[in-house]
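Remarks on the structure that follows.
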2 protein chains.
Amino acid sequence: MQGHTATATATRTAKFPATIGLRSPMAAGMQMVLTRGEELFAEGDEAEYFYKVVSGAIRSYKLLSDGRRQIDAFHLRGDIFGLEAGSEHRFSAEAVGDVQVIAYRRSRLSAIIEQDAVFRDRIMTATLRNLQRAQDHMLLLGRKTAQEKLATFLLDMAERLSGDDEHFDLPMQRSDIADHLGLTIETVSRTLTQFTRSGLIRLPPAGRSISLCNRMALKRLDA
Amino acid sequence: MQGHTATATATRTAKFPATIGLRSPMAAGMQMVLTRGEELFAEGDEAEYFYKVVSGAIRSYKLLSDGRRQIDAFHLRGDIFGLEAGSEHRFSAEAVGDVQVIAYRRSRLSAIIEQDAVFRDRIMTATLRNLQRAQDHMLLLGRKTAQEKLATFLLDMAERLSGDDEHFDLPMQRSDIADHLGLTIETVSRTLTQFTRSGLIRLPPAGRSISLCNRMALKRLDA
DNA sequence: CGTCAGATTGATTCCCTTCAAGAAGAGTGG
DNA sequence: CCACTCTTCTTGAAGGGAATCAATCTGACG
C-alpha cells in the first residue's frame, strides 16, 4: 500500500483575522501569511473564501481513510484555488513553506462577477487552467512510469519556478513529491539519484536546490 | 507498459453542419448526433465549440506518443465539456456509443455570459464540477488499488446512470474502463470476476449490463 | 554534541502487467 | 438460418516495476 501517512506535524489552522493585513486590490481581498505546514482549510470546511498565492507554495490534497494522501496540485505565485461548486471545500490546503496568500470572500463573488468583467474572466480562466493541469496530471498518474513522472514534474517545476532557468529550488520535500506523483519517497529518491548518475540533473548534497543539466533527455522521457 | 494502443476503428470526425438540427434553447446551441467511435474533436483542434451531452456518453482522453491512453472523464447526460482556457482543445473527445450533444459556439460565450446570469452560473458550476471530478479521480489514479478503483468506478456509474438503481448498463467497453482507471483490460476483467465470485456484483454472461448486489461491501472498498 | 526529521540505499515482496490462448458475442454474407 | 470472421472478454502463467521493510546517512537545530 503506497501513500504517505499524514504526519501530525504543525497543523494548526491559520488564524484568520489575526494575520490579516487588509489590502484592497481590484476586488477587496485579505492578505494572509502562513508558515510551513499550516493549514489553510480542510476537506469539508465551509468554503467561505477562495485564494490567490502571492508567494511560496500551497499543496492541496485529499486523504483516504487509512491516511494515503494524494496531492492534486501545488499552487505557486499567481495561482488561484479553493473555489468550489458547492458550499464545502472538497480538498485540504496547507502551506508547503512560508506562504503569502490573498483570501477572497466567496459570498461576494457573484456580485463582483456581475460588475467586473476583467475579474470574472480571470477567475474563469484560472479555473479552466486548473482543470487543464488536472487533466495533464491524470495522464501522468494513470499512464506514466516513475521516470516519466519525475521528468515531467521537474520540467514543469522548472518552468513555473524559474521561468526556464536551469537552476531552482524545490519548495517541497520528497514525501510531497511522492504523494503528488503517486509514488513512494523511496522511488522518488532512487529515480532522482538515477537521473543524477545519468547526468540529467545535479543535486547539491545539501538543501532542496536542483539543476537540470540535460533538458533534452528529460523532455524525451516526458512524452 | 500499460495503456491501450489507440485502435484505428471508426474515427471519422463528425461532420458538422450536416448533422445539425438547429434548435434554440436559452443560448442557441446546435444539436448533433454521433455514432459509436466518432470523433468530436481532437487534441490540438481549434476550440471553436464546447458541448453539452443530451444522451449517450462521450469519452475525453489524452494520448502519449507511444499510444498509451488516459481517459480523464466520461461525460453523460447533462454534462458540459470541451471549454478551454486557450484557443485549442487540450484533449480529444469521442462518442462511446451513439450520442446526442449540443454544440455551443465559444466565440459567443463572452457575449452570452455578459447578458445571461443564469447561463453564466451554469457554465461556471459545470466547470467547477469537472474540476472536482478530476480531483477525485487523481486520488483514485494515484493512491487506490485495482479493487478500490473498480469499486469507486462502479458506484459512481451506478449513481450517474441509474440514479441509485441496482441494475444498469455500462455504456463503455473494458478497454475504456481500463484506460480510465489506469489499469489493463485484463486486470479490469479479473477484478470484476473476483467481485462476481464474492457476490458483490452480478455480470450477465451477455452484454454490458451489471447489477450491484452488495453496495455496502463496495462502499467499504471505495474509501 | 546529541537528537530528530528527512533523504538515501539495499534486500525482498507483491500487485499488476505482459504474454499467450481460448471463449463468447456481434455482425456479415451466402 | 448458419458458417465465417472479427472484436471483445475471460482466464492462465510468468515477469517486472514499484512498494514494502529495514538500515544507514545527512544536515538542522537546540
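Owing to the predicted nature of the structure, the values given are computational and were not obtained by experimental measurement. We use all heavy atoms of the structure for the numbers below, so side chains are in, but hydrogens, waters and symmetry mates are not. Within every chain, numbering begins at 1; the chains are lettered A, B, ... in the order of the sequence lines, protein sequences first and strands thereafter.
Scanning atom types as modelled, one donor and one acceptor separated by under 3.5 angstrom connect the side chain of A:Arg190 and the base of C:dG10.
The CD atom of A:Glu148 sits 12 Å away from the P atom of D:dG17 (whole-angstrom rounding). Rounded to a whole Å, the NZ atom of A:Lys149 is 9 Å from the C1' atom of D:dA18. A straight line from CD of A:Gln173 to C1' of C:dT8 spans 15 Å, rounded to a whole angstrom. At whole-Å resolution of the value, CD1 in A:Ile185 and C1' in D:dA18 are 14 Å apart. Distance CG (B:Leu170) to C1' (D:dC9): 13 Å, rounded to an integer number of Å. To the nearest angstrom, C1' of C:dC16 lies 15 Å from CG of B:Leu141. Whole-Å rounding puts the B:Leu203 CG to D:dT8 P distance at 18 Å. For B:Arg143 and C:dC15, the CZ to C1' distance is 15 Å, given to the nearest whole Å.
Using a 4.0 Å cut-off between charged nitrogen and carboxylate oxygen, A:Arg143 and B:Asp179 count as a salt-bridge pair. Ionic pairing of A:Asp72 and A:Arg59 is not present here: no N-O contact between side-chain nitrogen and carboxylate oxygen is shorter than 4.0 angstrom. Salt-bridge formation is detected for the pair A:Lys62/B:Asp136: a Lys NZ or Arg NE/NH1/NH2 atom is positioned less than 4.0 Å from an Asp or Glu carboxylate oxygen. At a threshold of 4.0 Å, the pair A:Glu148-B:Arg68 counts as salt-bridged, since one of the basic side-chain nitrogens sits closer than that to a carboxylate oxygen.
With C:dC16, C:dG10, D:dT8 as the choices, the nucleotide that has an atom nearest any side-chain atom of A:Glu186 turns out to be C:dG10.
Two residues are said to be in side-chain contact when any heavy atoms from C-beta on lie closer than 4.5 Å; A:Arg90 and B:Arg133 fail this criterion. Side chains of B:Leu212 and B:Phe168 form a contact here, defined as non-hydrogen atoms less than 4.5 Å apart.
Under 4.0 angstrom from either OP1 or OP2 of D:dC9 there lies no side-chain N or O belonging to B:Ser189. An OP1 or OP2 oxygen of C:dG6 is reached within less than 4.0 angstrom by a side-chain nitrogen or oxygen of A:Arg36. Within the 4.0 Å cut-off from OP1 or OP2 of C:dT8, at least one side-chain nitrogen or oxygen of A:Arg174 is found. In this model, the phosphate group of C:dA24 is not approached by any side-chain N or O of B:Arg208 to a distance below 4.0 Å at OP1 or OP2. Taking only side-chain nitrogens and oxygens, A:Thr187 comes nearer than 4.0 Å to OP1 or OP2 of D:dA19.
Of the residues in residues 192-201 of chain B, not one places a heavy atom less than 4.0 Å from an atom of DNA chain C.
Side-chain contact, A:Glu38 with A:Thr35: a donor N or O sits under 3.5 Å from an acceptor N or O.
The ring of B:Phe91 has its center closer than 6.0 angstrom to the ring center of B:Phe41.
Among A:Ile58, A:Ile80, A:Val33, A:Val54, the one residue that satisfies the side chain to side chain contact (heavy atoms under 4.5 Å, CB included) test with A:Val101 is A:Ile58.
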Quiz item: With the sugar-phosphate defined as primed atoms, P, OP1 and OP2, and the base as all remaining atoms, what B/S/- string results for nucleotides 23-30 of chain D, 5' to 3', for protein heavy atoms under 4.0 Å?
Solution: --------
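Within a 6.0 Å sphere centred on CZ of A:Arg77, other residues, nucleotides and ligands contribute 12 heavy atoms or fewer.
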